[in-house]
2 protein chains.
Amino acid sequence: MSVSTVPLITNHLLQLLSSKDRHILLQYCDVVQLQFADILCEPNQRYRYLYFPLSGFISLVTKLAGHKPLEMGLIGNEGMLGVTLALGMTTAPMQAVVQGKGTAWRIDVADLQQFLLLCPQLQHVLQQYLFVQLAQLSQSAACAHFHELSPRLARWLLMSHDRAHSSRFYLTHQFLADMLGVRRSGVTVAAGIMQQQQFISYSRGMISILDRQALQNVACECYQAGLDEYLSVLGQPRTEDDIKQLLQQSVP
Amino acid sequence: MSVSTVPLITNHLLQLLSSKDRHILLQYCDVVQLQFADILCEPNQRYRYLYFPLSGFISLVTKLAGHKPLEMGLIGNEGMLGVTLALGMTTAPMQAVVQGKGTAWRIDVADLQQFLLLCPQLQHVLQQYLFVQLAQLSQSAACAHFHELSPRLARWLLMSHDRAHSSRFYLTHQFLADMLGVRRSGVTVAAGIMQQQQFISYSRGMISILDRQALQNVACECYQAGLDEYLSVLGQPRTEDDIKQLLQQSVP
DNA sequence: CAGCGTCTGTGCGCTAAGGCACTCATTGCC
DNA sequence: GGCAATGAGTGCCTTAGCGCACAGACGCTG
């Protein structure tokens with residue numbers, strides 16, 4: 001319960017609470033490390049904990065028997081894992097896998113349930129976020145069906161970049177292939193082209209984003225649509241740049 | 001406000017309310033006819049009305065620029081259109097199109113909002129249903145991505161059959177193609193095979209289900225998964241057979 | 001430094017589905 | 001009865017992505 005050392009990167013949903021509410025809530029939270037490929041919940045099973053990511057980020061994936069996984073959404077410090085608790089459900093609708101290692105606030109199911117009853121504001125924020133997830137989910141569904149690999153890959157890299165708060169992060173072709181529901185070698189080819197064009201570079205899983213703008217041009221419109229949807233409901237989340245700016249302002 | 005003439009087929013979500021609550025709610029409702037291909041709401045726009053289908057049913061679809069629509073879910077008398085109101089949102093996340101003509105209870109947004117505040121039971125039911133939709137949505141997403149046309153078509157016919165409360169209903173190949181996000185001629189071929197095998201028969205849009213069991217064998221597991229998900233959260237919805245049985249019991 | 005596991009590159013044949021473009025049949029309407 | 005609209009059947013060529021398989025490349029560990 002290390003409330004004293006609030007990490008640099010904050011969780012945007014928590015930022016939307018009053019500072020009093022936030023402090024109460026954080027008393028029930030622990031800061032934990034999210035390890036790459038950790039599985040945080042399984043479909044139709046009770047959540048063990050809920051997570052408000054700070055620097056780490058989490059994939060929501062659906063699996064069908066006999067197929068690769070397919071990624072339905074990405075949760076970074078703009079969101080939370082376990083938002084269906086706002087529906088009174090303590091079971092998870094999908095599997096959640098850590099995609100980007102880092103830190104998160106973690107809270108017990110029962111604690112959050114109890115706090116939800118006392119804090120209509122949090123209830124409201126979670127409901128809004130759930131609505132956004134719903135919209136993004138249907139967007140991703142159509143995207144996976146109609147759009148081709150390269151635009152989808154670019155979209156995914158951008159979404160990861162946003163949540164990694166760094167232009168270097170760990171993601172193997174195999175992992176990306178699972179997220180996108182395609183062959184690993186398909187990703188290798190598409191990523192290879194992007195590397196040739198100097199949009200990204202990578203080696204043994206470490207990906208560097210070299211040219212964000214170029215990636216945005218390649219990505220399908222679903223990337224922007226996801227941002228817009230979030231923005232229109234929940235407002236502007238803090239970006240890496242915002243944080244730097246805040247720091248600079250407080251230095252002199 | 002024709003509360004007096006409650007239609008034969010009831011809405012399962014409303015059945016889960018106390019009869020007192022249900023009667024209060026229905027005072028705010030009108031019975032309306034849903035006409036084939038009517039559009040009931042558009043994404044990111046305010047709902048005009050919310051609907052509890054009785055004999056008609058409604059498709060939720062996502063559209064991406066430059067592509068066919070893609071169907072995300074089907075709402076019959078086991079559900080409702082506009083469940084995101086339980087999140088306090090009065091805008092629709094997707095487009096809704098009438099797929100099967102028939103009747104529905106219709107209610108004004110403001111009326112339902114107000115009633116929701118007075119009736120925690122309804123709030124709870126809608127939240128549960130929303131959870132089910134979320135799970136079904138991710139299932140459909142993966143299904144559309146991985147499964148082939150024939151199983152998906154069979155699934156869709158079964159889902160429609162369940163909600164049409166009749167083994168004959170109107171659905172053109174073109175409409176099905178739009179739902180499944182594929183070419184019309186692809187549907188013609190797949191449906192043609194099913195017709196040859198005597199699973200279904202059709203002519204100029206009127207489809208007859210001849211052999212449900214055979215369709216279930218062809219359909220992907222997503223059909224059953226959808227049923228199971230609903231069942232596990234909200235219990236057994238009334239089927240056509242249940243209703244017949246109820247009638248027979250009350251006759252002697 | 002040898003060895004193994006992980007990550008990436010590449011190639012080949014295959015197939016479901018797409019795009020496009022007709023024809024044909026049924027139905028309703030003027 | 002003739003005409004237009006809608007629904008359905010068919011064919012042909014193209015293509016993105018799959019399954020499978022193997023080879024190189026890097027990096028950790030003993």
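If you check D:dA8, D:dG11, D:dC20 against the side chain of A:Ser185, the one that comes closest is D:dC20. Considering only the side chain of B:Val182, C:dG18 comes nearest among D:dT10, C:dG18, C:dG9. Among the nucleotides D:dA8, D:dG27, D:dA16, the one closest to the side chain of A:Glu148 is D:dA16. Side chain of B:Thr172, nearest nucleotide from D:dG9, D:dG7, C:dT8: D:dG7.
Per the geometry, CD belonging to A:Gln195 stands 16 Å off P belonging to C:dC7, to the nearest Å. Rounded to a whole Å, the CD1 atom of B:Ile193 is 11 Å from the P atom of C:dA16. What separates CG of B:Leu149 from P of D:dG17 is a distance of 18 Å, to the nearest Å.
Inspection of the A:Ser208 and A:Ser167 side chains reveals no N or O donor paired with an N or O acceptor under 3.5 Å. Checked by atom type, the side-chain pair B:Arg155/B:Ser140 shows a donor-acceptor distance below 3.5 Å.
Looking at heavy-atom distances under 4.0 Å, B:Phe146 makes no contact with the nucleic acid at all. A:Gly186 comes within contact range of no nucleotide atom at all, as no heavy-atom separation falls under 4.0 Å.
A:Tyr202 has no side-chain polar atom (N or O) that falls below the 4.0 Å cut-off from OP1 or OP2 of D:dA25. Distances shown here put every side-chain N or O of A:Arg204 at or beyond 4.0 Å from the OP1 or OP2 atom of D:dC26.
Taking the six-membered ring for Trp and the full ring otherwise, A:His145 and B:His67 have centroids separated by 6.0 Å or more.
Using cut-offs of 30° and 60° for the angle between ring planes, the B:Phe175 and B:Phe36 rings count as tilted. Between A:Phe169 and A:His161, the ring planes are parallel. Angles under 30° get that label, and only those over 60° would be called perpendicular.
Between B:His147 and B:Ser203, the residue anchored closer to the 5' end of DNA chain C is B:His147, taking for each the nucleotide with the nearest heavy atom. Between A:Gly181 and B:Arg183, it is B:Arg183 whose nearest contact on DNA chain D lies nearer the 5' terminus.
Donor-acceptor pairing under 3.5 Å, judged by distance alone, is absent between the side chain of B:Arg184 and the base of C:dG18.
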